[in-house]
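Let me begin by presenting the structure, written as structure tokens, before commenting on it.
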Amino acid sequence: MRAVVLALTVALVVPEFAPDKTYVYNYEALLLGGLPQEGLARAGIKLNSKVHLSAINENTFLMKLMDPLIHEYAGIWPKDPFVPATKLTSALAAQLQIPIKFEYANGVVGKVFAPAGVSPTVLNLHRGILNILQLNLKKTQNIYELQEDGAQGVCRTHYVISEDPKANHITVTKSKDLSHCQERIMKDVGLAYTERCAECTERIKSLIETATYNYIMKPASAGVLIAEATVQEVHQFSPFNEIHGAAQMEAKQTLAFVEIEKTPVVPINADYLARGSLQYEFATEILQTPIHLMKISDAPAQIIEVLKHLVENNVDMVHEDAPLKFVQLIQLLRFSTMENIEAIWAQFKDKPAYRRWLLDALPSVGTPVIVKFIKEKFLAGELTLPEFIQALVVALQMVTADLDTIQLTASLAMHEKIAKIPALREVVMLGYGSMIAKHCVAVPTCSAELLGPIHEIAAEATSKNNIPEITLALKVLGNAGHPASLKPIMKLLPGLRTAATSLPLSVQVDAILAMRNIAKKEPKLVQPVALQLVLDRALHPEVRMVACIVLFEAKPSVALVSSLAGALKTETNMHVVSFAYSHIKSLTRITAPDMAAVAGAANVAIKLMSRKLDRLSFRFSRALQWDFYHTPLMVGAAGSAYMINDAATILPRAVVAKTRAYLAGAAADVLEIGLRTEGIQEALLKSPAADESVDRITKIKRTLRALTNWKDLPNNQPLASAYIKLLGQEVAFVKIDKTIIEEAIPLATGPKPRQLLKAALKALQEGIALQYAKPLLAAEVRRILPTAVGVPMELSLYTAAVAAARVNVQATITPPLPEEIETMTLEQLKKTDVQLQAEARPSIALQTFAVMGVNTALIQAAVMARGKIRTITPGKVTARADILKGNYKVEALPVEVPEHIAAMSFETLAVVRNIEEPTAERTVPLVPELAVQNSQTPADYLSSENPDEVPVRAPAPFDKTLCLAVPYIEIKGCVELHSHNAAFIRNAPLFYIIGQHSARATVARAEGPAVERLELETEDKNRPVSSESSSSRSSSSSSSSSSMSSSRVTKTATIMEPFRKFHKDRYLAPHGASKKVSSGSSASSFQRIQKQAKFLGNAVPPVFAVIARAVRVDHKLLGYQLAAYFDKPTARVQLVVTSIAENDNQKICMDGALLSKHKVTAKLAWGPECQQYAVTAKAEAGVLGEFPAARLELEWERLPITVTTYAKKLSKHIPMAAFQAGFRLERVMNSEKEIELTAALPNQRSLNVIARIPEMTLSRMAIPLPFAIPINQDGSLSIQIDEDILSWIQKHIKEE
């Protein structure tokens, strides 16, 4: 027998089934999801059955399941048992026991046949068994690797064949790496616009998938018999690094030989249809959301039921489960036919509340039926333009991008009704490009013919020089990002032997930007084109800088970046040099894994460039990039900003800002906003503002004058344009031209605003009652994968929110407004008394679900994280404006407050449910509270992955209530916290997250007299403050005056000259201005001014007063008053904050005075009668050596202990911060109660800074400034500034 085994090892034959025999096997399939640690909850299913196999002919076989039994599991693993799903088994028994046919030759499964009565879900269970029989055995090799076809696709498979002579059998081990497949069977939803960050997952993977098959094969008369086969498959997922813990879906299969029977398997009397191959077939799980299981028997009736629930239960405030109900409505609509939706629309289109809910839900359905429905209803005039745009934009982003939907979108874009509305056509066309991009993600071999119509539009528009149409075509091609579009785009690029140089600059820029999405797919095609454009000095600088953006987004090699750096050495355009250098330098600091190679190339290139370029000011073009990436958590964010300036004008030519996010091995360009001023720039270049010989201040004046004369600008070009991109797709753009401005001015200044004002005031007088609810499916991200069992598993994230509000507003206007409001004079308006009452109850409910588990239309078994947020913030206010008396008052009135104004919860669950018993859902917390409180021995929870990890004793749940009573208004706020997690298993982020966490906020009346209302009253100087307030003010006095000690100048090596004050006739003033010193000159000290009138309220009336008070039932005065005073002769300002409560002398006094035109002093004092604490600040202009300078001094007499404590802690970090900022530090014993900051201008583009603080002096010389400071060496201003800046602007605009 040993000889036989050895012979089989050398020349192994494949398993064979004799034609006159029926082979009986015991089959068990198990699929469990959860964390691998015992003692936590898991969810899953199990299938037990007998499998009968018999041959019809040499290559065709029948397989039949006998006595199938389905179990479900949701419990603590491993102690809780599986529960038989009796009703589900009974419902599926007939279908499960229908024999199927399959082709089988040389160990390879071919086509699969089954009657129409076998659903795809049941047939996939059969495929799970056939997948075990798939064996590619080679006769000459014992260890080999190949790409093998299977239920999950064509994946890398490794075979090991060995013999066991003692046991008289051969062992075959087959392992599959499901992460490396030529063809992977999966469905992604909501991931079309994300990019796979391969570099992010090189060392750390968020999803690991592998399967191992073990076969024991024994010799038989007909060849080899599979005596036993076991399969173990693991899908491990974590949003973080997997070493910190991960959730798992584990599939196990066992196929054990029992016996051989003579009774053959007989097919049923039905047509056996070809149902594909061994590969998994997707069924209705694509339409089925994993967060609930609905038995859809009558979709229209169920839709109406859910719709009524949403409308009726979200009126005064949002229902707690409104987001979940909204998702249910979307799911029901996905199962509905066009006829069903038409009928529901006809029933509710004239009911505003129902109509809004339908129009918010339909676009999120994401089926081609919905796009067709929206199109037909708009063309029929049943949708308004805003409704259509909102519905279409969302629908095009959510819909599955198949060929039919793409053609439907194309026909919509070409429709004459759409073509008549340019803005609407742009939205549809951009959506068409996005649809092609999504389709090409799902089908990488997508045909270039899909873009044929856009290529034709671009070619025709180019021949006719139709600039708007060329721009639109380029933006559509940019959204599509198909490599086949590169050639048409290059025809519009300047400098590449094309006629594009004659096209407007905006078209050239759009053509370059259209290559960005192509660069993500085929960077090698775009890199040389972009580099050639950057280096072409004949091109406009803006074109070259935009090409630089595209070049670095294409992730160039070290050679390309070094070539660019070398060429910049001889570059003459400083804007291009500054832009490229700043771009390369910012890339050297990038830490995101996908940009690591570019960052390395940038570090090499920056060494080839001159460091003098660091000193280029911000008036030159710049590129900035920053990012943050945390490798252990696999999360990150990045931002970039590009500013393209022009040497001839002060306005930037273009500004672009973009944000990017990284999560779990994926990356996406979240948001991008761009603004261009091309038309304005070209107009300015033709004006005197473009004169290079004048200084920057003159340029500013001439630019302002040119902008005010906008009517002289050309009609044939846009003045400015802007665009917005979401997830890398341009969703909207706008071009502003002279025509738009001319049309907008009458709308703003004509009769329409007055009509709107009249209608609004009339509505306010009659009363406004508004109820509004807005739902949103904020996120639907799904990945559906088949398992070895033949049941799909799903990773998904759902977020839905509903906001609702009820608002009532009533206005009383005395005297009533005239019928013709436009005839109302200012004097009449001043005599009007307006009272406004408003009550609102806004509320928001948000629910988010993260699911990993089985999701089919028959059964769901998953681990789920569920988060909920609900807020209710009622408010009731009255406002009164007495314009004649200058009195304005706002009152906050008591309202009925719910039990919790805000509630947040997060829990992780194991849940199982089946369609036959939808109400018998079994839910178990993933971390049972009993397990946390009464944990077993630490060794039971010790992770198998880290056996050396020290166990942590299981803590009790954390429960705490924090309360805070607000004084005076007698309101108490409390926050109740509850948390328990699985951190006792491992100190890792994932284990801190799983468990149950909640927080609830309550607001209630505290103990003490009730508060009737809160008041905020403002009075101007035309009306004296109320007597109660006056009495409390009269008792106040200014803080005790104390002489300000002059700062001691410590001469060090960093300070060449001491700071000298300006002479009374030398101060910052324009040339030729009067140098007469006012009465408040430097000769008058701040202390003397204070002594003249410690409290300005005794000498002058307040400029204004603000009183905030609480009106209580016991009529006790509570609140604060802020009064502001101004004494013009002494140029003194005083603010006093006083408590109006009895026996409360706490005050805050702020006093300031302009002592001269080069010196200002202020003092802040607070405490009882403003006597406890005080800080004095003094700012003055002078000279440091021979350079104009300014000095700020801060002195204190006494400070709260909290301030001094934190200041001492902060001072310990100053030396390191100063070193990093390039400052020089000297240990000097300066004044302990003084800080002095001096800044001097050696020239208009550099700054010297000296800072003296206790125990040290900091200094830094020649700090470059991004712009010139218009101050001359003698301290005079180089520009004329009048008191009224508007007059100054108007004056210079009128100058020639």
[X] side chain vs [Y] backbone, donor-acceptor pair below 3.5 Å:
| X | Y | value |
| --- | --- | --- |
| N168 | K218 | no |
| Y23 | L225 | no |
| Y144 | K138 | yes |
| T194 | L191 | yes |
| Y662 | P593 | no |

From CA spacing to verdict: side chain to side chain contact (heavy atoms under 4.5 Å, CB included), R783, L207: CA-CA 11 Å; R783 170 162 287 180; L207 179 62; 4.2 Å; yes
Decide, yes or no, whether a salt bridge links K187 with E285 under the criterion of side-chain N to carboxylate O below 4.0 Å. no
Salt bridge or not between K176 and E233? Use side-chain N to carboxylate O under 4.0 Å. no
Give me the ring orientation class for F102 and F61: parallel if the planes are under 30° apart, tilted from 30 to 60°, perpendicular past 60°. parallel
[X] versus [Y], closest heavy-atom pair with distance:
| X | Y | result |
| --- | --- | --- |
| P68 | T89 | O-CG2, 3.2 Å |
| A55 | A18 | CB-O, 4.2 Å |
| V863 | G34 | CG1-CA, 3.7 Å |
| I129 | L65 | CD1-CD2, 3.4 Å |
| L35 | F991 | CD2-CE2, 3.5 Å |

Please walk me through it: do R42 and Y73 pass side chain to side chain contact (heavy atoms under 4.5 Å, CB included)? CA-CA 7 Å; R42 296 191 190 183; Y73 187 88; 4.3 Å; yes
Results of salt bridge (Lys or Arg N to Asp or Glu O under 4.0 Å) for R184 - residues two or more places apart only: E209
Side chain to side chain donor-acceptor pair (under 3.5 Å) for Q232 and T230? Distances and angles first, verdict last. CA-CA 7 Å; Q232 185 173 14; T230 58; over 6 Å; no
Quick one: do the D177 and T210 side chains pair a donor with an acceptor below 3.5 Å? no
With a 3.5 Å cut-off and no angle check, do the side chains of Q279 and D149 form a donor-acceptor pair? yes
How far apart are the C-alpha atoms of L135 and Y159, what are their side-chain angles, what is the distance that settles it, and do they pass the side chain to side chain contact (heavy atoms under 4.5 Å, CB included) test? CA-CA 10 Å; L135 282 164; Y159 276 86; 4.1 Å; yes
Non-hydrogen side-chain atoms of P115 and I98 separated by less than 4.5 Å: yes
Test side chain to side chain donor-acceptor pair (under 3.5 Å) on Q134 and Y213; report intermediate values, then the result. CA-CA 10 Å; Q134 181 85 342; Y213 297 71; over 6 Å; no
Pairs where residues 252-269 contributes a residue and the test side chain to side chain donor-acceptor pair (under 3.5 Å) is met, not counting sequence neighbours: Y27-Q253
